[in-house]
Chemist: 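Dropping a structure here in structure tokens format, bear with me for questions.
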Number of protein chains: 2
Amino acid sequence: MDAAELLHKHNLKKTSPRVAIIEALQSAKSPMSEAEISKLMGNHYERTTFYRSAQTLEEAGLLHKIVVDKLQVRYALNVGRSLHTVRTAHAHFYCNSCHELICLEHIHPGPYRLPAGFQSQESEVIIKGLCDKCTL
Amino acid sequence: MDAAELLHKHNLKKTSPRVAIIEALQSAKSPMSEAEISKLMGNHYERTTFYRSAQTLEEAGLLHKIVVDKLQVRYALNVGRSLHTVRTAHAHFYCNSCHELICLEHIHPGPYRLPAGFQSQESEVIIKGLCDKCTL
DNA sequence: TCTACATTTGCAACATTGTTGCAATAACAT
DNA sequence: ATGTTATTGCAACAATGTTGCAAATGTAGA
């Protein structure tokens, strides 16, 4: 499904920054930071616009924001040919050496038994260590 | 165990900022942000010093840094009368409404089966939602 | 196809969190 | 008490994200 279709299906206007962001993420092999995405888009759009678009896409459920660490925030698409299969919660692996973020599709965390009165809305599992390329 | 003892036992010099940070965290009922800790210390120390002390304490295993989200980073002690029991991995619950971070001591995530060549060093589970006080 | 309206963008300014270099200071072992 | 080394405070900077507002753009409807 291409960017235009995705936007239309979610009642979002088809604007160039949104299309560019979606296409950048679709072409990515792993979740990317704002800086990486911006570079892929040719630094063609304002960071402000990126953040606002990202928020819109996230609210529409199209985008997933993964916070590895402060200064290590990554974004990924939730759909289509991207890495993130729709609505399938999975863990993420962050390599402390090469800083790549890898989706561990086979690890489905939870469900968690929360104390009485607590209500879960979303959850995130980050495993940090060394990836296969960085373990010598 | 008081701040001085803790520092001594870990071969760290007993300096006023470190003592103040430890005491601030010991008096806390939940992990705190840098801003909260600083305020508790009477804004008496440089932020630079806080970050450097926090890093030192973390490397010594005394402190645990929990990244909920960008702009929502919290710190907690790993010892003594604080919330964090030593070396017991546990999940954290972040309330989207009151922004409090609560340790879920009864949830011990993992172990995770990583792909070949991957080596885990640490992991973090953040569950976001509404806490008992915020579910109406 | 053109028009009007609501949405979105770009820009400027600012906020928060964290880092680095370096001189001055403080802690601890002797 | 003193010397050595680690730590602090300050200043400057970096990265990420937010807000207000005017200008530009997308889309539905005429």
Chemist: Which residues pass the side chain to side chain donor-acceptor pair (under 3.5 Å) test with A/Glu122, sequence neighbours left out?
Modeler: B/Asn96
Chemist: Which residues pass the side chain to side chain contact (heavy atoms under 4.5 Å, CB included) test with B/His8, sequence neighbours left out?
Modeler: none
Chemist: Under the rule for side chain to side chain contact (heavy atoms under 4.5 Å, CB included), what residues qualify as partners of B/Ala20, not counting sequence neighbours?
Modeler: B/Met41, B/Tyr45
Chemist: Might you list the N or O atoms of the protein lying below 3.5 Å from N or O atoms in nucleotides 25-30 of chain D, with each pair's distance?
Modeler:
{"unit_1": "D/dT27", "atom_1": "OP1", "unit_2": "A/Lys14", "atom_2": "N", "d": "2.7"}

Chemist: How long is the line joining CZ of B/Arg47 and C1' of D/dA14, in whole Å?
Modeler: 12 Å
Chemist: Under 3.5 Å, which donor-acceptor pairs do the side chains of residues 55-63 of chain A form with other protein atoms, sequence neighbours left out?
Modeler:
{"unit_1": "A/Gln55", "atom_1": "NE2", "unit_2": "A/Glu59", "atom_2": "OE2", "d": "3.3"}
{"unit_1": "A/Thr56", "atom_1": "OG1", "unit_2": "A/Arg52", "atom_2": "O", "d": "2.9"}

Chemist: Can you list everything that forms a side chain to side chain donor-acceptor pair (under 3.5 Å) with A/Ser38? Sequence neighbours excluded, please.
Modeler: A/Asn43
Chemist: Output the rounded distance in Å from CG (B/Leu7) to P (C/dA26).
Modeler: 18 Å
Chemist: Separation of A/Arg18 atom CZ from C/dT7 atom C1', in whole Å?
Modeler: 8 Å
Chemist: Run the ring pair (Phe, Tyr, Trp, His ring centres under 6.0 Å) test against B/Phe118 and tell me which residues pass, sequence neighbours left out.
Modeler: A/Phe93
Chemist: Partners of B/Glu46 by side chain to side chain contact (heavy atoms under 4.5 Å, CB included), sequence neighbours excluded?
Modeler: B/Thr48, B/Thr49
Chemist: List for me each residue that meets side chain to side chain contact (heavy atoms under 4.5 Å, CB included) alongside A/Ala35, sequence neighbours excluded, and say none if there are none.
Modeler: A/Ser33
Chemist: Can you pull every protein N or O that's under 3.5 Å from an N or O on nucleotides 19-23 of chain D?
Modeler:
{"unit_1": "D/dG20", "atom_1": "O6", "unit_2": "A/Arg52", "atom_2": "NH1", "d": "3.3"}
{"unit_1": "D/dG20", "atom_1": "O6", "unit_2": "A/Arg52", "atom_2": "NH2", "d": "3.3"}

Chemist: Using rotation axes that map the C1' atoms of four end pairs onto the next four (five pairs an end), what angle separates the end axes of the helix from C/dT1-D/dA30 to C/dT30-D/dA1, to 10°?
Modeler: 40°
Chemist: Please tell me which of the listed nucleotides, C/dG18, D/dG17, D/dT8, lies nearest to the side chain of B/Pro17?
Modeler: D/dT8
Chemist: Could you give the OH-to-P distance, from A/Tyr45 to C/dT9, as a whole number of Å?
Modeler: 9 Å
Chemist: Starting at atom CD of B/Glu36, determine the distance to atom P of C/dT16, rounded to an integer number of angstrom.
Modeler: 13 Å
